[in-house]
Amino acid sequence: MREYRSEAIRNVAVVGHGASGKTTLVDALAFVSGSSKRHGSIKDGTTLTDTSPEEIERKYSISLGCAFAEWKDAKINLIDTPGFLDFQGDAIAGLTAADGALVSVGAATGVEAGTERMFREAIARRDPVLFVISMMDKEHADFDRAYQAIKDRLTSKIVPVEIPIGAASGFSGVINLITKKAHIPRKSGRAGEYDEAEIPASEQARFERYHQEMVEAVAATDDKLLERFFSGEDLPGDEEMDALKEAMKREDLFPVLCCSAQLMIGVRTVLDFLMALMPNAYEMEELHAFKGAEGNKTVEIHPKDDAPFTALVFKTTAEPHVGDVTYFRTFSGTVASGQEVYNATRDIGEKLNHLGVPQGRERIEVPRIHPGDIGCVAKLHNTHTNDTLSTKAHPVRMPQITFPESLVTFAVRSAVRHDEEKMQQGLHRIHDEDPTLQVHYNSETHETIIGGLGERHIEVAMARLARQWGVKAELTAPRIPYRETLTAAAEGQGRHKKQSGGRGQFGDCWVKIRANKRGAGYQFVDSIVGGAIPRQYIPAVDRGIQEQSARGLIAGFPVVDFVAECFDGSYHSVDSNEASFKMAGIQAFKAVASKCRPVLLEPLDEVDVLTPDEYLGDVMGDLSSRRGKLHGTEPSGNGAGTVVKAIVPQADLHLYGTRLSSLTHGRGSYTHRFHGYEQMPHEHAAKVIAAYEKNRVEDKDE
Ligand SMILES: Nc1nc2c(ncn2[C@@H]2O[C@H](COP(=O)(O)OP(=O)(O)OP(=O)(O)O)[C@@H](O)[C@H]2O)c(=O)[nH]1
Ligand SMILES: [Mg+2]
């Protein structure tokens with residue numbers, strides 16, 4: 001394999017809605033360039049980038065995959081990303097590693113939720129974006145309609161640079177608007193080869209319409225070009241390309257291409273445009289990394305061969321027979337195979353043995369990698385996604401990938417009890433590969449909780465757990481960490497006495513218990529006077545009350561926000577000790593708190609729901625039906641719709657992500673954070689209490 005220097009490298013993330021043809025396109029781009037020897041297909045499970053058993057079986061991408069196409073002295077790195085929003089963590093990682101985005105839009109389906117999500121994500125990162133209207137050979141393919149949908153729903157700043165000849169079964173070539181030539185597939189040629197021809201008479205009118213649109217859009221990017229346009233001058237193609245590239249960098253224009261990856265028609269032109277219009281590492285925006293012990297100093301990162309090596313790990317996977325594979329994007333400095341590098345994020349050295357570049361699952365060994373390239377290496381045991389690799393002499397940390405937070409959570413446990421530890425290990429390994437799958441143990445509810453971006457996400461993780469770790473796991477809705485509190489005041493006695501041979505036990509206390517302000521917690525007041533209880537035993541009363549209150553009164557949940565005042569008691573000069581007074585405290589709490597009209601508190605979340613305006617009514621109605629209190633609406637910052645703010649009980653948020661997705665056809669999203677506890681309405685509390693009673697009876701019966 002040739003050595004590629006920074007100026008010859010392009011990094012492109014292929015993003016878009018699920019099943020818009022991204023994986024097939026990446027495979028075809030690598031194949032027609034000659035860099036991959038096989039034309040893979042989704043149907044046969046042979047594509048370069050859908051390689052895990054889960055991807056092959058389900059026929060969609062689950063994690064990102066890296067490939068490259070060597071094209072006319074350039075190396076175009078292609079990061080194929082999953083389109084399903086459940087797996088969007090890897091799409092975001094792919095965009096972070098790349099310098100530009102190729103957004104695929106199905107010619108038959110047009111703009112969908114995933115197209116919108118990923119286009120907005122790319123824009124927010126100020127990435128140059130190319131659109132490709134894919135699957136032009138598919139039934140119902142319609143370039144004009146898809147083009148218009150992009151214009152109406154995403155941006156008016158699109159510009160056509162390639163249009164199809166025919167569509168669906170009649171799709172027979174493309175027209176390059178810059179060269180004004182038709183590309184007619186060559187029957188006996190190598191994959192994707194074509195003959196250049198004059199524009200067919202039947203396409204002349206469409207060509208002129210789109211060509212005019214392109215010329216005007218390009219001219220409008222620059223005053224000088226506009227002047228020449230008005231004076232009637234025809235711009236040469238290379239000047240048009242330069243103007244397009246500059247306008248793309250500013251996000252003033254987004255060129256639109258078309259192709260059929262399956263038939264490999266138009267695919268070579270896609271490579272031409274990627275090479276010509278996507279920036280190389282030198283043309284990237286200025287980058288900064290963090291340095292210093294606190295990571296609070298910034299340092300500029302330059303894509304120069306002789307600058308200190310800096311790379312960001314954007315993906316790790318565990319491959320059968322190989323072990324951990326680490327994928328990284330280099331930002332500065334050349335790195336050689338076998339070189340010692342330094343993981344500044346974890347303060348640990350690593351050695352890049354058998355340095356390679358990824359072509360799907362294959363790692364092609366290379367002697368060195370220049371800045372702006374994508375590399376991979378096996379068996380870095382201490383390096384994880386989002387770590388920065390640099391050098392001991394110049395340790396820095398790159399800004400990290402921000403992964404989306406969990407939208408659905410489940411409690412998980414292994415079906416077989418002794419598999420519990422294996423399950424924990426497996427889940428943590430899956431999390432290492434996919435940071436959007438979150439795992440934590442809730443010590444209050446004694447459950448392992450997994451969070452993900454959707455039910456499909458969780459389901460795939462469970463399938464991997466079964467295949468790779470041999471653990472069959474069960475999912476349930478997570479227990480809600482309710483609380484109990486008191487709504488009245490009472491007083492009474494707690495007395496513990498045991499006098500049967502030998503030394504006895506004696507403790508006796510009088511306490512008043514009353515409610516504290518919500519959120520104020522527990523408070524113990526010692527108002528013993530005259531030594532009714534000796535000083536050294538009073539903390540034991542406090543401990544007894546705390547211990548018993550944690551066990552709950554009505555439904556087994558901790559009692560919170562109350563004041564216990566110990567105001568009297570008695571003792572025995574021989575039999576009293578700390579343990580006895582603790583028992584007295586326990587008795588006192590049981591006797592007194594149950595008279596204080598205990599009630600259930602439930603946890604509430606603050607949610608911000610983003611929805612396109614057309615679903616606003618449905619989304620608000622649904623929130624109300626979940627006992628949500630609506631706090632207002634505001635337009636979203638990026639014009640994607642409206643944000644609804646509400647406070648919703650956690651118990652009613654289980655699988656809300658799934659519901660929201662179906663209400664908004666995949667276009668809505670939400671964030672949530674803990675808000676606080678509030679008294680639960682009686683009829684809902686009664687159900688929780690009844691469930692607790694039922695469990696208690698069953699436990700007793702066992
Ligand atoms: N007719 C036709 N079908 C295609 C073409 N490209 C892809 N397909 C089919 O469309 C389906 C989806 O293609 P993929 O390449 O998996 O799409 P994707 O965008 O990677 O999908 P996700 O990974 O789920 O995001 C598969 O069945 C492909 O065989 C094409 O150019 N023409
Ligand atoms: Mg795919």
Side-chain angles (χ1 to χ4, degrees), residues 12-32 36 38-52 54-67 78-95 101-119 121 131-143 146 162 164 166-174 185 191-192 257-270 360-361 453-454 456-457 459-460 666:
V12 182
V14 184
V15 295
H17 195 74
S20 60
K22 299 178 292 297
T23 301
T24 309
L25 178 59
V26 166
D27 190 277
L29 291 170
F31 177 68
V32 302
S36 161
R38 175 171 73 180
H39 181 207
S41 80
I42 294 287
K43 181 164 78 45
D44 300 334
T46 51
T47 59
L48 271 180
T49 51
D50 278 3
T51 53
S52 71
E54 283 76 27
E55 290 175 318
I56 291 171
E57 183 196 319
R58 289 172 165 77
K59 304 200 190 305
Y60 54 73
S61 306
I62 289 166
S63 57
L64 65 79
C66 298
L78 300 157
I79 305 178
D80 175 31
T81 67
F84 280 117
L85 293 176
D86 284 34
F87 309 110
Q88 63 175 291
D90 263 20
I92 288 164
L95 282 169
L102 178 65
V103 178
S104 80
V105 179
T109 46
V111 172
E112 296 168 273
T115 333
E116 188 177 335
R117 167 80 184 88
M118 285 306 141
F119 174 69
E121 184 69 38
F131 286 99
V132 58
I133 296 180
S134 58
M135 310 205 247
M136 272 309 304
D137 64 300
K138 216 178 157 178
E139 209 183 342
H140 307 303
D142 185 337
F143 178 87
E162 197 187 26
S169 56
F171 178 58
S172 56
V174 296
L257 313 166
C258 65
C259 73
S260 160
Q262 190 151 302
L263 302 185
M264 291 183 287
I265 299 178
V267 173
R268 285 177 173 243
T269 323
V270 172
R361 178 170 262 183
L453 299 179
R456 190 196 293 258
H457 186 203
E459 184 250 316
V460 167

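Just so you know, ligand 1 is whichever comes first in the structure, and atom 1 is the first atom listed for that ligand. We're numbering straight along the sequence, starting at 1.
For residue T47, no N/O/S atom approaches the Mg ion (ligand 2) to within less than 2.8 Å. T49 lies apart from the Mg ion (ligand 2) in this respect, since none of its N, O or S atoms is found at a distance under 2.8 Å.
Among protein heavy atoms, the minimum distance from atom 3 (N) of ligand 1 is reached at Q262 OE1, 3.2 Å. Atom 27 (O) of ligand 1 has I42 CG2, 4.2 Å as its closest protein atom, hydrogens excluded (heavy atom only). In this structure, atom 18 (P) of ligand 1 lies nearest to the protein heavy atom K22 N, 3.4 Å. Nearest non-hydrogen protein atom to atom 24 (O) of ligand 1 is Y60 CB, 3.2 Å. The nearest protein atom to atom 10 (O) of ligand 1, hydrogens excluded, is given as M135 SD, 3.7 Å; this is a heavy-atom distance. Of the protein's non-hydrogen atoms, T24 OG1, 3.6 Å is the one closest to atom 14 (P) of ligand 1. Among protein heavy atoms, atom 21 (O) of ligand 1 sits closest to A19 N, 2.8 Å. Taking atom 1 (N) of ligand 1 as the reference point, the nearest protein heavy-atom neighbour is D137 OD2, 2.9 Å.
Partner T47 forms a side-chain contact (heavy atoms from CB on, under 4.5 Å) with one of V26, L25, D27 and no other, that one being D27. Among the candidates P82, S61, S63, the single residue satisfying the side-chain contact (heavy atoms from CB on, under 4.5 Å) test with D50 is S61.
Taking each heavy atom of S134 and S104 in turn, the nearest pair found is OG-CB, 4.3 Å. Contact between A261 and A28 at its shortest, heavy atoms only, is O-CB, 3.7 Å.
The OG atom of S52 sits 5.0 Å away from atom CD of E54, with the distance rounded to the nearest 0.5 Å. Of the inter-residue distances, the one linking L64 atom CG with D80 atom CG reads 8.5 Å to the nearest 0.5 angstrom. We find the CZ-CG distance between R38 and L48 to be 7.5 Å, quoted to the nearest 0.5 Å. How far NE2 of H457 is from CG of L85: 12.0 Å, rounded to the nearest 0.5 Å.
Among the atoms of T23, some N or O lies under 3.5 angstrom from an N or O of ligand 1. Between L263 and ligand 1, not a single N/O pair is under 3.5 Å apart. Between F84 and ligand 1, not a single N/O pair is under 3.5 Å apart. Between T81 and ligand 1, a contact under 3.5 Å exists for no N or O pair. Geometrically, ligand 1 and G83 share a nitrogen or oxygen pair separated by less than 3.5 Å.
Between D86 and E459 the shortest side-chain heavy-atom distance does not fall below 4.5 Å. Annotation: side chain of V103 is not in contact with side chain of M118 (no heavy-atom distance under 4.5 Å). Side chains of L453 and Q88 form a contact here, defined as non-hydrogen atoms less than 4.5 Å apart.
Within ligand 1, the atoms closer than 4.0 Å to a non-hydrogen atom of S20 are 17 (O), 18 (P), 19 (O), numbered from 1 in the order shown. Distances below 4.0 Å separate heavy atoms of K138 from the following atoms of ligand 1: 1 (N).
Using bins of under 30°, 30° to 60° and over 60° for the plane-to-plane angle, the ring pair Y60/F84 lands in the perpendicular bin.
There is a protein heavy atom closer than 4.0 angstrom to atom 5 (C) of ligand 1.
The closest approach between S260 and ligand 1 falls below 4.0 Å for a heavy atom of the residue.
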